[in-house]
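In what follows, a structure is listed as structure tokens, so that the remarks can point back to it.
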Amino acid sequence: MVTQVKEKKFQLPHLLFLLLGLMVFMSILTYILPAGEFVENAAGLKEYVQIDRTPINLWQALLYIYEGIANSGMILALLLVIGGCVEITLTTKALDHLIDFCLYKLQDKGSAVLLPVMFLLMALLGGFGGSDALIAVIPIGVLFAKKLHLDPIVGAGVSFLGTMVGFSTSPTGIFIAQGLMDVPVYSGFSIRFLNLLLCAAIGAIYVTVYAKRIEKNPAKSAMGDLSWQAELGEAGALEEKKLDVRDLVITLLFFGQFPLAIALNLGLGLGMGTMPAVMIPVAILCGYINGMKTPQIGDTFAKGVGGMGFICFIIGIAGAISLIMKNGHILDTVAYYASLPLQNLGAGFAAVGISMVVSLLNFFIPSASAKAAALIPIVKPMAENLGITGQVAVQAFQIGDGFCNLISPFLGWTMGGLAIAKVPYQKWVKWVLPLLLILLVTEYVVLVVLSGMGWS
């Protein structure tokens, strides 16, 4: 009798061990890479100088876990609050009922209309309120996918991908780089907003075309098998339903709270505290409107908060990795040597080169503010010498900083979002990589055009 040996497929380690392994790797690099930092010379310009190594041993790296979590306190607090609030809204089933109503009215046109609209809304949300906190809206995308009998990749596509595309092209989220480049904050708003709509349209088409293919033949799912269909029953069978006024009010309150919180934050300068200040009362109100009792609202909120626990830990670990690079003085070293090739490029292609370098560094320095602090002091004089306007240089930084987050295994938003959507990382990368290349090529063309126009 011949015994068949089952071939084992390669599988990425659990996210916990993947990030802990990355911490060890970065710790080792502090012993190998030259240490350096940017200092201001007599002319007032930033220049890179090598310094004595300050290696981070494994014990020190482990100690940074606490600090990484503590430094991420603001975003973790928002995640916990938003997780609880979104759970209450989802429990009311108002969004379920609205989707059922829309699907019944649209019938065979459901996905062709709903998915692009959903993607655009998420892109706008990411563009004007983009942060790791938007990981909490991914369950809404998953719900859409289930209602349409589509796979989890579609759910992640309309939610995580949509918000990330908006975040990567945000007209307002680039203010740190603008300030460091001495470019007026929020300037170039109209061009960047049009660019957001362009990229959102490309993303929406990509997701919708894939969804229509899955509708015709679920076996073509990029998930690799049909095990995801077992969870479709959780969304409930689609049936004719008249829209209840309570469902409509809850839906309007839920989506209306985001622009309200953003307006209070940016318009009145009240800070990120406006998010929980607005969302907690709105969530409680939605619960009461739905007829939920006070104990049920409290239990539901606690369930949502608990579901965000491991996601918060992932984000804290990512913060610890950044601390290892910063305190090991290899962050500026990586930024400096990656920037050297740009000095020999012409103006238009130098802007593309800047974007490529930032994309490369994005895998090592997920934090946009850290990359801006390390790179802009070099990019600014380089852009001036090559005839690249400050506005174009900022745009190059934004493109490099944002889009590659779609496949970054070091970003809590990415890995946590995929975990919520139940999409394996390797499956996601294979599916989204063609879109990423399309977006990058499109944006590189935009960069060359803007550079030729002398956009300032």
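Heavy atoms only: backbone and side chains are in, while hydrogens, waters and symmetry mates are out.
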Keeping the roles fixed (side chain from Ser355, backbone from Ala351), state whether a donor-acceptor pair exists under 3.5 Å.
no
Taking C-beta and beyond as the side chain, do Glu443 and Asn195 meet within less than 4.5 Å on heavy atoms?
yes
Sub-3.5 Å donor-acceptor pair from the side chain of Arg53 to the main-chain atoms of His329, do we have one?
no
Between the side chain of Thr300 and the main-chain N/O of Ile88, is any donor-acceptor distance below 3.5 Å?
no
Any sub-3.5 Å donor-acceptor pair from Thr92's side-chain atoms to Gly287's backbone N or O?
no
Answer yes or no: is there a donor N or O on one side and an acceptor on the other, between the side chain of Trp428 and the main chain of Met415, under 3.5 Å?
no
Would you check if Val165 and Phe119 make a side-chain contact, meaning some heavy-atom pair closer than 4.5 Å?
yes
Ile28 and Tyr31: side chain to side chain contact (heavy atoms under 4.5 Å, CB included), yes or no, with the steps?
CA-CA 5 Å; Ile28 294 173; Tyr31 287 90; 5.5 Å; no
Taking atom types as modelled, is there a side-chain donor on Tyr64 or Asn71 under 3.5 Å from an acceptor on the other?
no
Considering the options Val423, Leu439, Leu161, which one meets the side-chain contact (heavy atoms from CB on, under 4.5 Å) requirement together with Val432?
Leu161
Please confirm whether the backbone N or O of Ser408 pairs with a side-chain atom of Asn405, one donor and one acceptor, at under 3.5 Å?
no
Taking the side chain as C-beta and beyond, is there a heavy-atom pair between Phe313 and Leu16 under 4.5 Å?
yes
Under the side chain to side chain donor-acceptor pair (under 3.5 Å) criterion, do Thr414 and Tyr425 qualify, and how do the steps go?
CA-CA 9 Å; Thr414 300; Tyr425 174 74; over 6 Å; no
Is it the case that the side chain of Asn290 and the backbone of Met292 share a donor-acceptor pair, with hydrogens and angles ignored and the cut-off at 3.5 Å?
no
